[in-house]
Each structure stands twice: as C-alpha cells, then as structure tokens.
Amino acid sequence: MGACNIIVIDFETTGLSPHYGDRTIEVGAVHVANNRIVDQYQSLMNPEVRISNFIADYTGISNKMLSKAPKIKEVMEQLRSFIGHLPLVAHNASFDSRFLDSEMDRLNHKRDNEFACSMLTARRLYPDAPNHKLETLVQYKRIVTDGTHHRALADATMAAHLWINMIADIKEMYELPEVPFTLMQRLGKVPKKKVDEFMAKFRT
DNA sequence: TGCCAGGCCCTCTTTAGGGCCTT
C-alpha cells in the first residue's frame, strides 16, 4: 500500500554538507494517505551554532528564533515517531536523506525507511518543464500555495502536492489504476530514453 | 545571492567536465 501511504519530508539546514558540520534547523513532514495530506509535523530546532546571514535570509529563520527552539535531539525523536517505517519522499532526496541519516546517526539510530526523490521522478515525467526546482514545478503544475518558500513545512507540503499530481498524471498517461511507491521510486532511476519501455511493464 | 558537497545526468563521454538540485 506504499503508493497511498508515505511521508514527504523537507529540512532547512545551516548549509549543504553534514559531513562538514552542517546541522538541521527545521523539519517539515506531511503524511500522505490515499493521495491526500492527512497529518503534518513541523519544528524548528536549535543547532547551538549561529547560522549565517545567507541562511537567515534564504529561510527567514533567525538566530533568535532558533535560540528558543528545542534541541535537535528532541525534535529528531519526535520526527522518528512521526515517520515510523513509512516510505519517505523528498525533493532532491539525496540532500534530505544525508541530513536525516546524519542526525539520526548522532542518536545511534539507523533509518530503515525507503526513500524516493520527487525531483528525479519529475525529470522523467516532465522533461519539458523549464527546470526541475520545486518552486518551478509547483508553478508548472499550477499547484496552489500560500506563497511561502524555503520553510520546511511549506516545501514539504508543496512536494507532497507535486507527488500527488505526478501519481495522477501517471495514472492518466499510462492508464494505470494504481501507482505503487516502488514504481515512483524506480521511475526516478530509469534512463530517460527508457521511461516508456519501463512504464509498459506495469500496464496490464 | 556563497561556494564549503554529492548524486544524477548529459555530452563535444567512458583515461572527463560541467550543469542541475538541495541549504
């Protein structure tokens, strides 16, 4: 039932690389069941280091906001409870999975959730989009938003709607009654010239 | 917006280089 029960997740962080000491400062996660958002989780977290002006400007998150936020460890324990063992989706999942795994590793916890990438799937499904940034794809698919960008819950929500849209488009384009999570996940890895060949295997 | 990373993907490729995405 993976297709209809997933968690879409997004992190704001102090930078690009956990291996160079960057930490998470906010997480947003939405639970999608039967192609609808049914639950959500969001929290800032205190990285206990000052964030750069670039990150403050990029996210709108200030050092003052973070100084009042719970510690990363507390938030990660709550996040772990929220996501359970459900399959995970993120836009450019290699980024979010690195940070999730890095923070969980500090708690001696190893992720067992599957991960899929909405960016890789969108590149296969929408090759003619102007580019495959989350913001652009949301406009391309005419997904209604509240205008917030680069905040974790807003971005996770937009990625969730993009994911739901892609499932609907695949159903229509390839005449499939259901679109399993594994199809979406594997579609992101298929050579672009072999997308139709790959999809044909799922048609009955 | 930066330039500190890394996986993916294209091409003027594979003995490599550079753009795309994420913060």
Side-chain angles (χ1 to χ4, degrees), chain A residues 6-30 42-63 65-66 69 72 75-76 79 83 88-106 111 113-141 143 145 148-163 165-166 183-198:
Chain A
I6 60 165
I7 301 286
V8 184
I9 191 166
D10 184 78
F11 286 108
E12 305 307 315
T13 69
T14 62
L16 292 172
S17 178
H19 294 129
Y20 280 71
D22 286 320
R23 303 295 303 270
T24 54
I25 59 172
E26 187 182 40
V27 62
V30 298
Q42 179 274 337
S43 184
L44 291 170
M45 28 190 157
N46 188 347
E48 299 179 275
V49 293
R50 287 188 66 80
I51 60 169
S52 66
N53 289 334
F54 172 78
I55 293 297
D57 289 347
Y58 186 80
T59 62
I61 297 168
S62 67
N63 282 294
M65 290 162 69
L66 294 177
I72 294 176
V75 175
M76 285 297 148
L79 178 65
I83 68 179
L88 303 174
V89 171
H91 200 72
N92 197 7
S94 72
F95 176 86
D96 293 281
S97 63
R98 273 201 302 279
F99 274 97
L100 177 63
D101 292 350
S102 171
E103 296 296 359
M104 289 298 180
D105 191 54
R106 290 169 182 262
R111 165 176 63 86
N113 312 63
E114 292 282 316
F115 232 119
C117 177
S118 56
M119 183 188 75
L120 294 181
T121 305
R123 282 181 178 167
R124 304 315 191 276
L125 206 54
Y126 307 129
D128 296 331
N131 60 55
H132 297 87
K133 294 177 184 179
L134 179 59
E135 188 172 348
T136 303
L137 288 167
V138 162
Q139 290 174 359
Y140 184 71
K141 294 307 298 177
I143 292 166
T145 75
T148 306
H149 296 287
H150 307 308
R151 287 298 299 267
L153 184 60
D155 285 2
T157 301
M158 288 190 289
H161 285 299
L162 174 63
W163 193 254
N165 265 259
M166 291 197 291
L183 187 161
M184 297 290 283
Q185 185 185 41
R186 289 169 59 193
L187 177 57
K189 304 276 188 183
V190 170
K192 286 184 178 176
K193 290 178 180 175
K194 295 194 173 181
V195 167
D196 285 337
E197 184 183 320
F198 170 79

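Distances shorter than 4.0 Å separate none of the side-chain N or O atoms of A:Y20 from OP1 or OP2 on B:dC4.
A:D22 places its CG atom 11 Å from the P atom of B:dA5, with the value rounded to the nearest Å. One can place CG of A:L16 at 9 Å from C1' of B:dG2, the figure rounded to the nearest angstrom. Atom CG in A:L120 sits about 7 Å away from atom P in B:dC8, given to the nearest Å. A:I55 places its CD1 atom 12 Å from the C1' atom of B:dC3, with the value rounded to the nearest Å. Straight-line distance from the CG atom of A:D96 to the P atom of B:dG7: 15 Å, rounded to whole Å.
In this view, A:D101 and A:R111 satisfy the salt bridge (charged side-chain N to carboxylate O under 4.0 Å, His left out) rule, not counting sequence neighbours. For A:E26, the side-chain hydrogen bond (donor to acceptor under 3.5 Å, both in side chains) criterion is met by A:Q42, A:R151, not counting sequence neighbours.
Side-chain contact of A:T136 with A:N131: a donor-acceptor pair under 3.5 Å is present, judged by distance alone.
On the P atoms, B:dG6 is 28 Å away from B:dC12, given to the nearest whole Å. Nucleotides B:dC4 and B:dC8 place their P atoms 23 Å apart, quoted to the nearest Å.
Considering only heavy atoms from C-beta on, A:D155 comes within 4.5 Å of A:E12 through its side chain.
Sequence order on DNA chain B of the closest nucleotides to A:D10 and A:S17 puts A:S17 first from the 5' end.
At a threshold of 4.0 angstrom between heavy atoms, the contacts of A:F11 are confined to the sugar-phosphate backbone, with no base atom among them.
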* Asked: Can you give one letter per nucleotide of nucleotides 16-21 of chain B, 5' to 3': B if a protein heavy atom sits under 4.0 Å from the base, S if only from the sugar-phosphate, - if neither?
  -> ----BB
